[in-house]
*Asks:* 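My questions all concern the structure below.
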Amino acid sequence: MEPLDAKAPKTAAQKKAILDKVRLPEDWKMALADELTSENMDNLRAFLKEAYQSPDSIYPPAPLMFNAFNLTPLSRVKVVILGQDPYHRPGQAMGLSFSVPKAIPKPPSLNNLLKEMADDIGVQPSAHGDLTYWAQQGVLLLNSALTVREGEPNSHQNQGWEQFTDAVIDVINEQTEHTVFILWGSKAQKKGKYIHADKHLILTAVHPSPLAANRGGFFGTKPFSKTNDYLRQHGRTPIDWQLPQ
């Protein structure tokens with residue numbers, strides 16, 4: 001006999017109704033259908049509804065929650081840059097890991113990232129930190145958790161985002177070939193431990209935050225040139241890392 005509190009499996013019609021409400025490119029919706037209709041996502045949606053309706057400020061704004069996926073459909077993914085969770089100060093988070101809107105000062109981690117880019121490939125940092133141009137070329141700027149409470153980093157950990165983004169990485173791992181995974185910091189590296197190294201390139205280093213990067217292990221790792229060399233070797237168009245001014 002089933003426990004009285006056991007949930008009945010969703011019907012095909014119920015799953016379709018859920019997916020119809022999800023604002024994602026169709027290829028992401030198809031690939032992530034099982035996760036998007038899972039009990040984990042039911043619980044996460046309930047948590048997020050309450051969070052966004054609370055007096056707390058939640059970042060990014062709800063319409064930008066899936067910005068990374070909307071700018072980078074699965075069919076266009078060439079590179080994954082994995083962050084931890086969104087910036088937690090007003091105006092910073094825009095649904096892309098490490099990126100901030102053009103009018104917002106660049107945070108220290110992003111400054112270090114762009115400094116390494118300049119040293120690596122000679123591309124001078126732009127005046128702004130909006131990485132939308134990268135996303136449009138196939139760089140999935142993914143965070144492990146896609147939302148955060150103002151002023152409280154990691155505040156939306158263990159609410160279901162980790163399972164969702166694990167599913168995202170698994171889809172890319174299984175359904176694409178010759179993708180570059182850039183994993184900065186121990187948390188990102190643990191999240192990528194099941195990536196197939198025989199068909200993808202995995203680049204690891206310490207996190208670009210000042211606390212980690214200034215101890216060594218980030219500057220000089222040349223992730224941008226290594227990414228483009230790998231893409232060219234496998235017949236894929238390299239990324240133009242120069243951000244438009």
*Asks:* Are side-chain heavy atoms of M117 and L243 found at a separation under 4.5 Å?
*Replies:*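 No, every pair of side-chain atoms sits at 4.5 Å or beyond.
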
*Asks:* Checking side-chain contact (heavy atoms from CB on, under 4.5 Å) for the pair V123/F224: CA distance, chi angles, key distance, verdict?
*Replies:* CA-CA 10 Å; V123 171; F224 304 95; over 6 Å; no

*Asks:* For P125 and A118, which heavy atoms make the closest approach, and how far apart are they?
*Replies:*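 Taking every non-hydrogen atom into account, CD-CB, 3.8 Å.
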
*Asks:* Looking at side-chain heavy atoms only, is the closest gap between I202 and L183 below 4.5 Å?
*Replies:*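 I202 reaches L183 side chain to side chain.
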
*Asks:* Under a 3.5 Å cutoff, is there a donor and acceptor pairing between the side chains of Q157 and E162?
*Replies:*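 The criterion, which ignores hydrogens and geometry beyond distance, is not satisfied for E162 and Q157.
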
*Asks:* To the nearest 0.5 Å, tell me how far L82 CG sits from T204 OG1.
*Replies:* 12.5 Å

*Asks:* With distance as the sole test, does N228 use its side chain to make a donor-acceptor pair with the main-chain N or O of P238 at under 3.5 Å?
*Replies:*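 Flag not set: sc N228 to bb P238 has no pair under 3.5 Å.
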
*Asks:* Considering only heavy atoms from C-beta outward, does the side chain of W134 approach that of S99 to under 4.5 Å?
*Replies:* no

*Asks:* Taking T72 for the side chain and V77 for the main chain, is one N or O donor matched with an acceptor at less than 3.5 Å?
*Replies:* no

*Asks:* When hydrophobic residues are tied together by side-chain contacts of less than 4.5 Å, even through go-betweens, does M30 share a cluster with I18?
*Replies:* no

*Asks:* Could you pull out all residues at least two apart from E26 that satisfy side-chain hydrogen bond (donor to acceptor under 3.5 Å, both in side chains)?
*Replies:*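 If we apply the side-chain hydrogen bond (donor to acceptor under 3.5 Å, both in side chains) test to E26, skipping adjacent residues, the hits are K29.
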
*Asks:* For Q92 and P107, which heavy atoms make the closest approach, and how far apart are they?
*Replies:* NE2-CG, 3.9 Å

*Asks:* Short question: side chain of Q14, backbone of T11 - any donor-acceptor pair under 3.5 Å?
*Replies:*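 Confirmed, Q14 side chain pairs with T11 backbone.
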
*Asks:* Under a single-linkage definition using a 4.5 Å side-chain heavy-atom cutoff for Ile, Leu, Val, Met, Phe, Trp and Tyr, are V171 and L36 assigned to the same hydrophobic cluster?
*Replies:* yes

*Asks:* Any side-chain heavy atom of K78 within less than 4.5 Å of one from T179?
*Replies:* no

*Asks:* Within the 3.5 Å criterion, strictly below it, is a donor on D240 or Y133 matched to an acceptor on the partner's side chain?
*Replies:* yes

*Asks:* Measuring from atom NE2 of H178 to atom NZ of K199, what distance do you get when rounded to the nearest 0.5 angstrom?
*Replies:* 9.0 Å

*Asks:* Given side chains that start at C-beta, do those of F66 and R23 come closer than 4.5 Å, heavy atoms only?
*Replies:*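 The answer is no; the side chains never approach within 4.5 Å.
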
*Asks:* Is a salt bridge present between D229 and K226, judged by a nitrogen-to-oxygen distance below 4.0 Å?
*Replies:* no

*Asks:* Do the side chains of I172 and I81 join up, straight or via other hydrophobic residues, at under 4.5 Å, putting them in one cluster?
*Replies:* no

*Asks:* Rounded to the nearest 0.5 Å, how far does CG of L110 lie from CG of D130?
*Replies:*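 Reported value, rounded in 0.5 Å steps: 10.0 Å.
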
*Asks:* Spell out, as yes or no, whether a donor-acceptor pair under 3.5 Å connects the side chain of D119 to the backbone of G220.
*Replies:* no

*Asks:* Side chains of D56 and E150, heavy atoms from C-beta outward: is any pair under 4.5 Å?
*Replies:*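 Result no, sub-4.5 Å side-chain heavy-atom pair not found.
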
*Asks:* Between Y59 and H156, is the ring centre distance below 6.0 Å?
*Replies:* no

*Asks:* Side-chain contact, heavy-atom cut-off 4.5 Å: V22 with F69?
*Replies:*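 Contact flag for V22/F69 side chains = no.
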
*Asks:* About how many Å separate CG of L74 and CG of D27, when rounded to the nearest 0.5 Å?
*Replies:*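 Answer rounded to 0.5 Å: 5.0 Å.
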
*Asks:* Under 30°, 30 to 60°, or over 60°: which ring-plane class applies to W161 and F164, parallel, tilted or perpendicular?
*Replies:* perpendicular

*Asks:* Quick one: closest heavy-atom pair of A205 and Q189, and the distance?
*Replies:* O-NE2, 2.9 Å

*Asks:* Identify the two heavy atoms, one from P210 and one from P108, that lie closest to each other, and give their separation to 0.1 Å.
*Replies:*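 Smallest heavy-atom distance, with atoms named: CG-CB, 3.4 Å.
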
*Asks:* Check step by step if side-chain contact (heavy atoms from CB on, under 4.5 Å) holds for N214 and F219.
*Replies:* CA-CA 8 Å; N214 292 336; F219 295 116; 4.0 Å; yes

*Asks:* Report, as yes or no, whether the 6.0 Å neighbourhood of atom CD on Q245 holds more than 12 heavy atoms from other residues, nucleotides or ligands.
*Replies:*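 Result for CD/Q245: enclosed.
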
*Asks:* How are the rings of F98 and H207 set to each other: parallel, tilted or perpendicular (split at 30° and 60°)?
*Replies:* tilted

*Asks:* For L48 and M65, work out which heavy atoms get closest and say how close.
*Replies:* CD1-SD, 3.9 Å

*Asks:* Tell me yes or no: between the side chains of T165 and K191, is some donor less than 3.5 Å from an acceptor?
*Replies:* yes

*Asks:* Can you name the closest pair of heavy atoms from E177 and R236 and give their distance?
*Replies:* O-NH1, 3.3 Å

*Asks:* Honestly curious: do L140 and I182 fall in one hydrophobic cluster under the side-chain, below-4.5 Å linking rule?
*Replies:* no

*Asks:* Using side-chain contact (heavy atoms from CB on, under 4.5 Å) as the criterion, point out the one residue from L203, V79, V180 that pairs with Y230.
*Replies:*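 The residue from L203, V79, V180 that satisfies side-chain contact (heavy atoms from CB on, under 4.5 Å) with Y230 turns out to be V180.
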
*Asks:* Ignoring hydrogens and angles, tell me if any N or O in the side chain of D85 forms a donor-acceptor pair with the backbone of N154 under 3.5 Å.
*Replies:* yes

*Asks:* With rounding to the nearest 0.5 Å, note down the distance linking NZ in K106 to CD1 in I104.
*Replies:*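 One gets 13.5 Å once the value is rounded to the nearest 0.5 Å.
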
*Asks:* Do the side chains of V139 and W241 get nearer than 4.5 Å, heavy atoms only?
*Replies:*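 Yes, close enough: below the 4.5 Å cut-off.
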
*Asks:* Side-chain heavy atoms under 4.5 angstrom apart, residues restricted to Ile, Leu, Val, Met, Phe, Trp, Tyr: same cluster for L131 and L71?
*Replies:* yes

*Asks:* Rounded to the nearest 0.5 Å, how far apart are OG of S209 and CG of N112?
*Replies:*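 Reported to 0.5 Å precision, the distance equals 8.0 Å.
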
*Asks:* I'd like to know whether N43 forms a side-chain contact (heavy atoms from CB on, under 4.5 Å) with E39, so could you lay out the CA-CA distance, the side-chain angles of the two residues, the decisive distance to 0.1 Å, and finally the verdict.
*Replies:* CA-CA 6 Å; N43 295 334; E39 185 176 348; 4.0 Å; yes

